[in-house]
Every structure is written in structure tokens, then in C-alpha cells.
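Beneath this line is the structure, given in C-alpha cells, with notes to follow.
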Amino acid sequence: MIDFKEEIAKKISAITNIGFDEIKQYIEIPPNVEMGDYTFPCFKLAKELKKSPQVIAEEIKPQISGELIEKVEVVGGYLNIFIKKSAFVVDVMNEAIAHGKNYGRTLEKNDKTIVIDYSSPNIAKPFHIGHLRSTVIGNALYKIYKFLGYNVIGVNHLGDWGMGVCRTIAGYNMWKDEYDFSENPINAILQIYVRYNNIEKEDPDFKIHATNVLKKLEDNDEETTKIWKWIIDVSLQNYQKVYKLMNCEFDSYNGEAFYNDKMDRVVNELKAKNLLVESEGAMVVMMDEDIPPCMILTSQGTTIYATRDLAALLYRIDNYNFDKCLYVVASEQSLHFKQVFETLSKMGYEEYAKRCEHIPFGLVLDEDGHKMGSRKGNATTLEEIFDESISKSLKIIEEKNPDLEDKEEVAKKVGVGAVIFNDLANSRIKDEIFDWNQILSFNGETGPYLQYTYVRTRSILRKAGNVPTEADFSLLNDAESYEVVRLIGSFKETVEAAASKNEPSIISRYLLDLAKSFSRFYNEHQVITDNKSVQDARVLLTKVTGDVIKEGLGLLGIQCPEKM
Ligand code: ARG
């Protein structure tokens with residue numbers, strides 16, 4: 001594919017005698033087509049060339065023309081560059097057709113390894129809405145990096161250890177006969193936990209039961225370990241159901257317990273570097289910044305969350321030698337990750353500490369602005385939320401298209417896709433609003449709208465009958481087609497931008513733009529016409545648009561039905 005940006009950079013670099021890389025990084029894509037396909041902000045060179053941006057622009061303008069460039073306009077200190085549309089359209093379309101399913105994908109593996117720590121729920125509870133965002137965002141990043149050829153390792157750092165699960169086990173030991181574990185064991189387990197906790201709140205001495213369980217687990221007591229493993233199994237069964245729906249996968253389920261025998265190393269290395277200091281009976285590492293110290297051992301001498309994260313980091317360094325380690329975890333844990341990364345750095349792993357990044361995100365709020373799950377009556381488990389979304393979708397489909405085959409399967413894709421897209425529609429740091437009317441709307445900025453656009457492209461292809469393998473794409477010479485092609489041409493760049501900012505919403509916004517411009521094209525122009533050559537070009541434009549929407553949604557973890 002012709003890299004127009006590169007070609008323009010080469011020219012400006014030759015004209016100004018300023019390095020190609022520097023020029024290339026200044027070239028921008030303007031927000032709308034009236035301002036050209038590329039724009040060059042000449043003020044970036046003003047200092048170096050000791051000239052005003054205006055003068056620089058006027059000097060470059062007459063020298064930059066050529067076979068790829070249609071015209072150049074100087075606006076303010078900007079050089080707005082319009083490329084020859086037909087050359088661009090033909091080039092993008094041929095490229096997309098030639099690569100088919102792999103369009104935009106990096107086929108040669110690169111040698112970079114990225115560990116992504118995401119989802120990571122705490123066992124002994126049903127999958128809670130609180131872990132929706134980590135799962136959705138992490139899953140999208142996992143797929144995005146794979147698409148770009150990275151070696152990606154998805155880790156589910158299960159919260160499978162500590163006082164939480166020990167409370168549940170203690171309660172189970174006392175009251176197991178009162179509950180039925182045959183139907184929905186995870187709920188019975190949750191009830192036991194809640195009951196135990198309520199008593200402990202009133203009577204702090206009650207904690208001793210859970211503390212005793214923790215001791216037994218640490219001593220590998222057979223009976224206690226058996227119950228613990230059973231709780232993990234039951235929890236994972238619940239999570240797997242949801243992961244399957246979400247099309248979400250992991251390469252490792254090494255949770256907190258996996259590091260039980262790897263904690264001494266953390267403590268020993270910290271001691272060897274004289275980093276452990278006593279503070280109110282606990283052992284901590286002091287931080288440079290104005291933040292609280294990182295606790296490593298409690299006053300009882302037990303390890304905690306941060307200690308386990310450090311052990312996990314040493315393990316990931318040894319086993320994956322990562323170039324990046326991303327933690328997709330709510331912004332509430334920002335301080336925790338600062339402390340962990342700084343401690344790792346002080347331990348002598350500065351290079352790896354720099355490669356670690358916390359990827360925070362905002363809350364999930366209901367339509368009244370309350371944190372989801374905090375009020376009675378709201379669905380709070382992911383299973384419930386997806387069930388509700390799927391059944392609502394089924395209802396809509398039954399109204400709109402009662403004769404559709406496989407309605408249940410379609411409703412699954414639409415219902416799950418709707419929830420996922422809502423989560424990824426805006427930048428992750430913003431709070432997400434969970435409003436059913438919004439989420440499932442077929443014509444808002446939603447997952448169903450995008451799936452529907454895809455389905456429409458497929459139905460156009462069916463109507464056209466035969467999908468050609470090539471066409472004269474210079475016939476796509478109207479403004480609406482051009483806008484669609486322009487977006488198709490920037491698919492790869494968009495995925496790269498999403499990866500470099502760890503921001504899947506960049507792809508969501510892109511897909512909405514693509515779908516909207518396709519609708520404009522489709523409203524203005526007949527795909528099926530008497531002019532066979534024009535029809536071929538438009539049919540292929542329709543096909544490629546559908547392919548890119550499907551691929552892009554796939555990167556977000558959303559599947560497309562063929563009909564809906
Ligand atoms: N289980 C934790 C929680 O629910 C999230 C774990 C995130 N990953 C990590 N390596 N700390 O809060």
C-alpha cells in the first residue's frame with residue numbers, strides 16, 4: 001500500500017532539509033475532509049528554520065506537487081494537503097481485497113512479549129459487575145495486541161487466597177448442612193460468606209475461625225485444602241460460563257495462591273537490599289514519593305496482596321521476560337500499583353519496573369448515577385446482566401424479525417455485544433453509564449447498531465448475487481464513497497493507536513464513524529445498478545466495509561451475526 005504520509009514526509013524533508021522522522025511525526029490527519037487528507041503544522045519548524053509558519057508554508061507549497069498530490073492549501077500556518085483521490089481509493093481497495101480476512105493484521109510475529117493481567121475476580125463469589133470492565137477492556141487489549149503480531153500472555157490473577165476465602169471456609173465448616181449446593185453452589189457459598197461476615201462485624205473475636213482456617217491451609221491440612229479447591233472449582237465454573245459468552249481467553253490462571261511458595265524470595269531479596277523496615281509491627285518498604293510505604297508483611301508476619309504481586313512480577317520476569325506488563329485494574333488501585341512498581345524498582349529491577357503499567361478505568365454507574373450493584377434490585381452478577389441483555393435482545397428481534405432462524409444464537413451475540421460495546425464506547429477512564437435503553441438501541445452509538453450495519457452489508461451482497469474479485473475502483477469517485485474508503489484505509493493505524501494508548505475505545509469510535517459513513521454512502525448511491533462496472537466497485541466497497549466492521553468488533557470481543 002502506498003504510504004501517503006511517508007511520501008509527503010519525504011518531500012517536505014527534502015524541501016526543508018529537516019529529518020524525515022521528525023517531519024513524519026508532525027503530519028496530522030485533519031478532523032474533516034474539507035481540510036485535506038493530511039495537514040502539516042508549519043509552526044513546528046518555525047524555530048529551526050527561523051521563519052514564520054506562514055512563510056514556511058508558502059515556500060513548501062509550490063514545490064510539493066506530484067502525481068500523488070491533487071492540491072495544497074495554506075491556512076494559517078498549516079499546509080493542508082489533498083491527495084489524488086483516485087490513486088488513494090484504488091490503492092486502499094486493492095490492498096483490502098488482496099488481504100481479505102487479514103487486512104490490517106500484522107502477519108509476521110514481532111518479538112515483543114506483553115503480559116496482560118485482567119479480569120482477576122475474587123473466588124467464592126459469583127462473577128460480580130465490579131469485574132466487568134477489567135474483563136472487557138483486558139480482553140480487547142489482548143485481541144488488539146495479538147492482531148498486531150505481539151506475543152501476548154493473558155493472565156487471570158485470581159484472588160484465590162487470603163482471609164476472604166478463609167471466612168467462607170470457616171462458615172462452610174459450621175453451617176454446611178443448612179445449605180443446598182446442588183443447584184447453584186456459588187450462590188450458597190456467597191450466602192455463607194455474607195452470613196459469616198455479618199457476625200464478624202458484630203463480634204470481631206469471631207475472626208479467629210477464619211484465621212485458624214488460614215493456618216490450616218498454610219499447613220496443607222488435607223480436609224481444608226479439599227474444601228478450598230472445591231470452592232475454586234465452583235467459582236471457575238461460574239466464571240467460565242461468562243468468559244465463554246464474552247469470547248474471552250487466558251493463557252494462565254495463576255492466581256494469588258500460586259505464589260505461596262514464592263514469597264520467601266521476595267522477602268529475602270528485600271532484606272538483602274536493606275529495604276524492609278519495621279513500622280507498627282509490620283514490615284514495609286519506604287517510598288520516595290510522597291506516598292505511604294508498601295506493606296510486605298503484616299504484624300502477624302503474613303504476606304499480603306502487594307507481596308503476592310511482587311512474587312508474580314518476579315515470576316513473570318523469569319518466565320516471560322516481558323517487554324510490557326499491563327494491569328487492567330480499577331483506578332481505585334492506583335496507589336497499590338505505584339507502590340508495587342516502585343518496590344520492584346528498588347529491588348534492582350528498574351528496567352522491568354519501567355515496563356509495568358497500570359491501565360485504570362472508571363466506575364459503572366446506573367442511569368441515576370449510582371454505582372451499579374450498590375442498590376437493591378439491580379442485577380449485580382455478570383451472569384444476570386448477560387441473561388437480561390440476551391432476553392431483552394430476543395424480545396426486540398422477535399418484534400422486528402419474527403421469522404429469523406436461530407433467534408437465540410443471534411440474541412446471544414447481540415445481547416452480549418451490546419454490554420461489551422457500552423463498556424468500550426468511551427475512553428476507559430470515564431465512568432460508564434449502564435442504561436438498558438441506551439445499550440440496546442439499534443440506532444444509537446451501540447453494539448447492535450454496528451452489528452446491524454454489518455448485517456446490512458451482507459444482505460446487500462446477497463442481493464447483488466455474485467461478489468466480484470476485482471473492479472475498477474476509480475469509479476468510486478463520489479464524496480461519500482471516498483469517506484468510506486478513507487476510513488477503511490486507516491484501519492491498521494487505528495488499531496495501532498488503540499494499542500499505543502491501551503484504549504480500545506479508539507476502535508469503537510472508528511467503527512461508529514465507518515458505519516455512519518457507510519450509511520451516508522448507501523443512502524446516496526445505488527449499489528445495484530445497470531452499470532455493471534460501477535456495481536462491481538460498490539459491491540466490493542460494501543463487502544470490505546462489512547469485513548472491517550466484523551474484524552473491528554472482533555477485536556473488541558464482539559461477534560457479528562450474519563442476519564438479525
Ligand atoms: N483480585 C483483585 C481484585 O479484585 C484484582 C487483581 C488484579 N491483578 C493484580 N495482579 N493485582 O481487586
Side-chain angles (χ1 to χ4, degrees), residues 115 117-125 131 153-173 189 193 196 207-236 239 250-273 275-276 281-285 294-320 322 325 327 329 333 336-337 339-341 343-344 347 349 352 356:
V115 175
D117 180 318
Y118 65 108
S119 192
S120 311
N122 301 320
I123 60 154
K125 292 174 196 154
H131 286 89
I153 296 156
V155 185
N156 196 330
H157 187 83
L158 282 179
D160 54 4
W161 193 256
M163 284 300 280
V165 62
C166 289
R167 287 187 173 93
T168 307
I169 297 174
Y172 176 85
N173 285 336
I189 288 172
Y193 173 78
Y196 182 100
K207 194 174 170 189
I208 186 73
H209 298 288
T211 314
N212 286 339
V213 168
L214 186 59
K215 273 206 199 92
K216 281 191 174 166
L217 271 186
E218 279 172 345
D219 296 342
N220 289 318
D221 173 76
E222 202 178 316
E223 188 54 31
T224 314
T225 305
K226 214 170 109 192
I227 301 168
W228 173 66
K229 287 204 166 134
W230 169 72
I231 294 178
I232 296 180
D233 275 354
V234 169
S235 308
L236 279 178
Y239 306 159
F250 298 93
D251 303 289
S252 158
Y253 278 86
N254 289 340
E256 294 189 31
F258 177 77
Y259 300 100
N260 279 343
D261 61 356
K262 300 173 180 60
M263 308 296 261
D264 288 349
R265 179 172 162 203
V266 176
V267 175
N268 291 339
E269 289 194 21
L270 285 169
K271 271 191 191 145
K273 293 238 160 191
L275 289 165
L276 278 188
M283 298 305 274
V284 303
V285 175
C294 181
M295 196 196 285
I296 301 295
L297 296 171
T298 66
S299 50
Q300 277 97 47
T302 51
T303 58
I304 60 161
Y305 188 47
T307 332
R308 277 164 207 275
D309 260 329
L310 286 163
L313 269 165
L314 296 183
Y315 179 85
R316 291 170 190 177
I317 292 170
D318 287 351
N319 289 275
Y320 307 134
F322 56 79
C325 183
Y327 292 83
V329 185
Q333 293 194 27
H336 165 74
F337 287 108
Q339 292 170 321
V340 168
F341 301 160
T343 304
L344 184 74
M347 282 168 83
Y349 301 93
Y352 285 100
C356 293

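Computation of the quantities below employed the complete heavy-atom set of this structure, encompassing side-chain atoms and omitting hydrogens, waters and symmetry-equivalent molecules.
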Distance from [X] atom [atom1] to [Y] atom [atom2], nearest 0.5 Å?
{"X": "Leu275", "Y": "Met283", "atom1": "CG", "atom2": "CE", "result": "11.0 Å"}
{"X": "Asp160", "Y": "Asn122", "atom1": "CG", "atom2": "CG", "result": "9.0 Å"}
{"X": "Arg167", "Y": "Leu214", "atom1": "CZ", "atom2": "CG", "result": "10.5 Å"}
{"X": "Glu269", "Y": "Leu310", "atom1": "CD", "atom2": "CG", "result": "10.0 Å"}
{"X": "Met263", "Y": "Asn268", "atom1": "CE", "atom2": "CG", "result": "12.0 Å"}
{"X": "Ile123", "Y": "Leu158", "atom1": "CD1", "atom2": "CG", "result": "7.5 Å"}

Flag the pair [X] / [Y] as yes when at least one side-chain heavy-atom distance between them is below 4.5 Å, and no otherwise.
{"X": "Tyr315", "Y": "Asp318", "value": "no"}
{"X": "Leu236", "Y": "Tyr253", "value": "yes"}
{"X": "Val285", "Y": "Leu276", "value": "yes"}
{"X": "Thr307", "Y": "Met295", "value": "no"}
{"X": "Ile153", "Y": "Asn319", "value": "no"}
{"X": "Asn254", "Y": "Tyr259", "value": "yes"}
{"X": "Trp230", "Y": "Tyr172", "value": "yes"}
{"X": "Tyr327", "Y": "Phe341", "value": "yes"}

Sub-3.5 Å donor-acceptor pair from the side chain of [X] to the main-chain atoms of [Y], do we have one?
{"X": "Thr211", "Y": "Lys207", "result": "yes"}
{"X": "Ser120", "Y": "Tyr118", "result": "yes"}
{"X": "Tyr196", "Y": "Ala210", "result": "yes"}
{"X": "Trp161", "Y": "Gly255", "result": "no"}

Is there a side-chain contact (heavy atoms from CB on, under 4.5 Å) between Asp309 and His157 once you walk through the steps?
CA-CA 9 Å; Asp309 260 329; His157 187 83; 3.6 Å; yes
Between Lys226 and Glu222, does any NZ, NE, NH1 or NH2 come within less than 4.0 Å of an OD or OE carboxylate oxygen?
no
Where [X] and [Y] come nearest, the two heavy atoms and their spacing:
{"X": "Lys273", "Y": "Met347", "answer": "CE-O, 3.4 Å"}
{"X": "Tyr320", "Y": "Ser252", "answer": "OH-CB, 4.1 Å"}
{"X": "Glu256", "Y": "Gly159", "answer": "OE2-CA, 3.8 Å"}
{"X": "Arg316", "Y": "Cys325", "answer": "NH1-SG, 3.8 Å"}
{"X": "Phe250", "Y": "Ser119", "answer": "CZ-CB, 3.6 Å"}
{"X": "Leu313", "Y": "Cys356", "answer": "CD2-SG, 3.6 Å"}

Please assess Thr303 against Leu297 for the test side-chain contact (heavy atoms from CB on, under 4.5 Å), listing each intermediate value before the final yes or no.
CA-CA 5 Å; Thr303 58; Leu297 296 171; 3.8 Å; yes
Quick one, Leu270 with Thr343, criterion side-chain contact (heavy atoms from CB on, under 4.5 Å). Give me CA distance, side-chain angles, the key distance, then yes/no.
CA-CA 9 Å; Leu270 285 169; Thr343 304; 3.8 Å; yes
side-chain contact (heavy atoms from CB on, under 4.5 Å) assessment of Leu314 paired with Arg265:
CA-CA 9 Å; Leu314 296 183; Arg265 179 172 162 203; 3.7 Å; yes
Examine the side chains of Asn173 and His209 and answer whether a donor and an acceptor come within less than 3.5 Å of each other.
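There is no such pair (donor and acceptor under 3.5 Å, judged by atom type) between the side chains of Asn173 and His209.
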